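Scroll down for the structure; my scribbles are underneath it.
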Amino acid sequence: EQLAESGGGLVQAGDSLRLSCIAPGLTFSRLAVGWFRQAPGKEREFVATQSGNGVITDYADSVKGRFTISRDHAKNTVYLLMNSLKPEDTAVYFCAADWISGRAPHLYHYWGQGTQVTVSS
């Protein structure tokens, strides 16, 4: 892995969290970035992605309207702002990067180790 996530934690339903993803060896401004999550016993699923130029942004239906992906080029950091969190959002969240954006995990070469998000009811 060449990415590192942070910002996870234990929150209550309805709360917000902002996840961060840094890439010490990469330049995010040139890469598409994706966020994925994996709950215990489930496959890794797509959450959000943004193309390298920021023009194309896509969200899973389950998070659309609640989550926002963004990036700070000066800090070479990508964020996932998560509002109105639900217990079903509980998972390990991963950021990923590559040249082409998309919903499939296999499209991304670079991954972080993940950060745990737990939402209590």
Side-chain angles (χ1 to χ4, degrees):
E1 303 98 359
Q2 296 190 22
L3 309 181
E5 306 91 341
S6 62
L10 172 62
V11 297
Q12 293 185 331
D15 286 349
S16 298
L17 275 177
R18 188 179 75 165
L19 306 183
S20 300
C21 177
I22 62 172
L26 303 172
T27 303
F28 269 140
S29 61
R30 302 175 62 188
L31 298 174
V33 179
W35 284 96
F36 295 81
R37 66 187 182 186
Q38 189 166 16
K42 296 187 177 181
E43 293 186 354
R44 191 166 299 188
E45 66 172 356
F46 165 75
V47 175
T49 187
Q50 187 177 67
S51 60
N53 60 11
V55 171
I56 300 173
T57 302
D58 186 25
Y59 297 93
D61 288 344
S62 59
V63 307
K64 196 172 295 183
R66 299 188 297 123
F67 291 12
T68 304
I69 187 172
S70 63
R71 60 179 83 197
D72 184 328
H73 292 291
K75 296 182 178 180
N76 198 34
T77 302
V78 175
Y79 302 101
L80 183 68
L81 176 62
M82 306 185 295
N83 294 323
S84 302
L85 282 162
K86 305 175 181 180
E88 51 264 43
D89 294 319
T90 295
V92 177
Y93 283 71
F94 300 87
C95 66
D98 212 308
W99 293 106
I100 299 174
S101 64
R103 293 188 168 206
H106 71 81
L107 294 173
Y108 298 86
H109 178 73
Y110 304 102
W111 288 86
Q113 290 188 324
T115 184
Q116 176 71 45
V117 172
T118 303
V119 185
S120 63
S121 58

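These values consider heavy atoms only, across backbone and side chains, with no hydrogens, waters or symmetry-generated copies. A quick note: this is a predicted structure, and the numbers were derived from the prediction, not measured.
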Item to complete: Would you check if D72 and Y79 make a side-chain contact, meaning some heavy-atom pair closer than 4.5 Å?
Response: yes
Worksheet entry | Any F28 side-chain heavy atom under 4.5 Å of T77 side chain | no
Worksheet item: Does the S51 side chain pair with the main chain of I56, one donor and one acceptor, at a distance under 3.5 Å?
Response: yes
Worksheet item: Where the side chain of N76 meets the backbone of P24, is there a donor-acceptor pair that is under 3.5 Å apart?
Response: no
Worksheet item: Do Y108 and F36 make the cut of ring centroids closer than 6.0 angstrom?
Response: yes
Fill in: Pairwise side-chain contact, V119 with Q12, heavy-atom cut-off 4.5 Å (strictly under)
no
Discussion item. Just so I know, are the side chains of D98 and L107 near enough to count as touching, which here means a heavy-atom distance under 4.5 Å?
Written reply: no
Practice prompt. For residues L3 and W111, determine if any side-chain heavy atom of one lies less than 4.5 Å from a side-chain heavy atom of the other.
Written response: no
Discussion item. Test: disulfide (SG to SG under 2.5 Å). Region: residues 79-121. Which pairs qualify, not counting sequence neighbours?
Written reply: C21-C95
Worksheet item: Heavy-atom distance under 4.5 Å between the side chains of T49 and S101, does that happen here?
Response: yes
Worksheet item: How close do R44 and P105 get, heavy atom to heavy atom, and via which atoms?
Response: O-CG, 4.4 Å
Practice prompt. Identify whether the distance between the nearest side-chain nitrogen and carboxylate oxygen of K86 and D89 falls below 4.0 Å.
Written response: no
Worksheet item: Hey, does the side chain of R30 reach the backbone of L26 with a donor-acceptor pair shorter than 3.5 angstrom?
Response: no
Response to the item:
Sequence neighbours excluded, the answer for side-chain contact (heavy atoms from CB on, under 4.5 Å) partners of L17 is V11, M82, L85, V117
Worksheet item: Taking atom types as modelled, is there a side-chain donor on N83 or S16 under 3.5 Å from an acceptor on the other?
Response: yes
Discussion item. Quick test of your reading: applying disulfide (SG to SG under 2.5 Å), list the pairs with at least one residue in residues 57-86, sequence neighbours left out, ordered by first then second residue.
Written reply: none
Worksheet item: Rounded to the nearest 0.5 Å, how far apart are OH of Y59 and CZ of R66?
Response: 12.5 Å
Discussion item. Within the structure provided, determine whether W35 and E5 are in side-chain contact (heavy-atom separation under 4.5 Å).
Written reply: yes
Practice prompt. May I ask you to test the E88-S121 pair for a side-chain heavy-atom distance under 4.5 Å?
Written response: no
Practice prompt. Given side chain to side chain contact (heavy atoms under 4.5 Å, CB included), test E45 with Q38 step by step and report yes or no.
Written response: CA-CA 6 Å; E45 66 172 356; Q38 189 166 16; over 6 Å; no
Discussion item. For the CD1 atom on I100, are there more than 12 heavy atoms of other groups (residues, nucleotides or ligands in this structure) within a distance under 6.0 Å?
Written reply: no
Worksheet, complete the sentence: Closest non-hydrogen contact found for L80 with A48 is CD1-CB, 4.3 Å
Practice prompt. Using modelled atom types only, decide if a donor and an acceptor are shared between the side chain of R37 and the backbone of A91 within a distance under 3.5 Å.
Written response: no
Worksheet item: CG of L31 to NE2 of H109: how many Å apart, nearest 0.5 Å?
Response: 11.0 Å
Worksheet item: So if you build clusters from Ile, Leu, Val, Met, Phe, Trp, Tyr with side-chain heavy-atom gaps below 4.5 Å, do F46 and V92 land together?
Response: yes
Fill in: T115 side chain vs S6 backbone, donor-acceptor pair below 3.5 Å
no
Worksheet item: What distance separates Q2 CD from Y110 OH, expressed to the nearest 0.5 Å?
Response: 5.5 Å
Worksheet item: Taking R103 for the side chain and V47 for the main chain, is one N or O donor matched with an acceptor at less than 3.5 Å?
Response: no
Worksheet item: In Å, rounded to the nearest 0.5 Å, how long is the span from OH of Y93 to CD of Q116?
Response: 9.5 Å
